[in-house]
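The block underneath contains the structure these notes are about, expressed in structure tokens.
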Amino acid sequence: QFFNVGNLFGIALASAASAANVVMATGVEAQLRKLNGASTSYAQGALLYWDATNSNVTISATSNRLIGMATVAGVNADTTATVRLNPSFT
């Protein structure tokens with residue numbers, strides 16, 4: 001499961017109770033939800049952002065948080081994005 005805790009964005013390595021500390025992996029490749037539709041494609045290496053309002057990856061930097069780079073190009077019809085979470089960003 002993916003978590004955004006303060007300035008840290010990563011994959012939880014184990015379950016944790018609400019408000020408890022959780023060990024997270026950063027700097028790894030992950031599959032994250034992406035909205036499909038017009039103008040949502042991107043090239044391999046593109047910067048990707050987390051849209052916390054809709055809980056998905058986006059190419060829009062506006063009001064969203066930079067989380068990493070695309071390791072695979074994405075097309076409009078895709079519903080997931082392959083992202084290398086960058087600990088320098090998170």
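It should be emphasised that the depicted structure is a prediction, and the values quoted were computed from it without experimental measurement.
A donor-acceptor pair shorter than 3.5 Å cannot be found between the side chains of Lys34 and Thr79.
One distance of note links CG of Leu85 with CZ of Phe9; it measures 6.0 Å at 0.5 Å rounding. Atom OG of Ser41 and atom CG of Asp78 lie 9.5 Å apart (nearest 0.5 Å). Atom CG of Asn56 sits about 9.5 Å away from atom CG of Leu32, to the nearest 0.5 Å. Summarising the geometry, atom OG1 belonging to Thr80 is positioned 10.5 Å from atom CG belonging to Asn36; distances are rounded to the nearest 0.5 Å. Rounding to the nearest 0.5 Å gives a distance of 14.0 Å between CG of Leu48 and CZ of Arg65. Note that the CG atom of Asn86 and the CD1 atom of Ile67 stand 10.0 Å from one another [nearest 0.5 Å].
A donor-acceptor pair under 3.5 Å is formed between the side chain of Arg33 and the backbone N or O of Asn54.
In the hydrophobic clustering (ILVMFWY side chains linked at under 4.5 Å, chained through shared members), Leu13 is joined by Val23. Leu35 shares a hydrophobic cluster with no other residue; no ILVMFWY side chain has heavy atoms under 4.5 Å from its own.
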Please lay out, stage by stage, how Val83 and Met69 fare under the test side-chain contact (heavy atoms from CB on, under 4.5 Å). CA-CA 5 Å; Val83 184; Met69 295 159 283; over 6 Å; no
Steps toward side-chain contact (heavy atoms from CB on, under 4.5 Å) verdict (Tyr49, Val57): CA-CA 6 Å; Tyr49 302 83; Val57 170; over 6 Å; no
Evaluate the criterion side-chain contact (heavy atoms from CB on, under 4.5 Å) for residue pair Ile11 and Met24; output intermediate values, then yes/no. CA-CA 5 Å; Ile11 302 168; Met24 297 190 331; over 6 Å; no
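Across all non-hydrogen atoms, the minimal contact from Tyr42 to Thr82 is OH-N, 4.3 Å. Considering all non-hydrogen atoms of both residues, Asp51 and Asn64 come closest at CA-OD1, 3.3 Å. Between Asn76 and Ser39, the closest heavy-atom pair is OD1-N, 3.6 Å. Considering every non-hydrogen atom in both Ala43 and Ala70, the closest pair reads O-CB, 3.8 Å.
For the side chain to side chain contact (heavy atoms under 4.5 Å, CB included) test, no residue two or more places apart in sequence or in another chain qualifies with Gln44.
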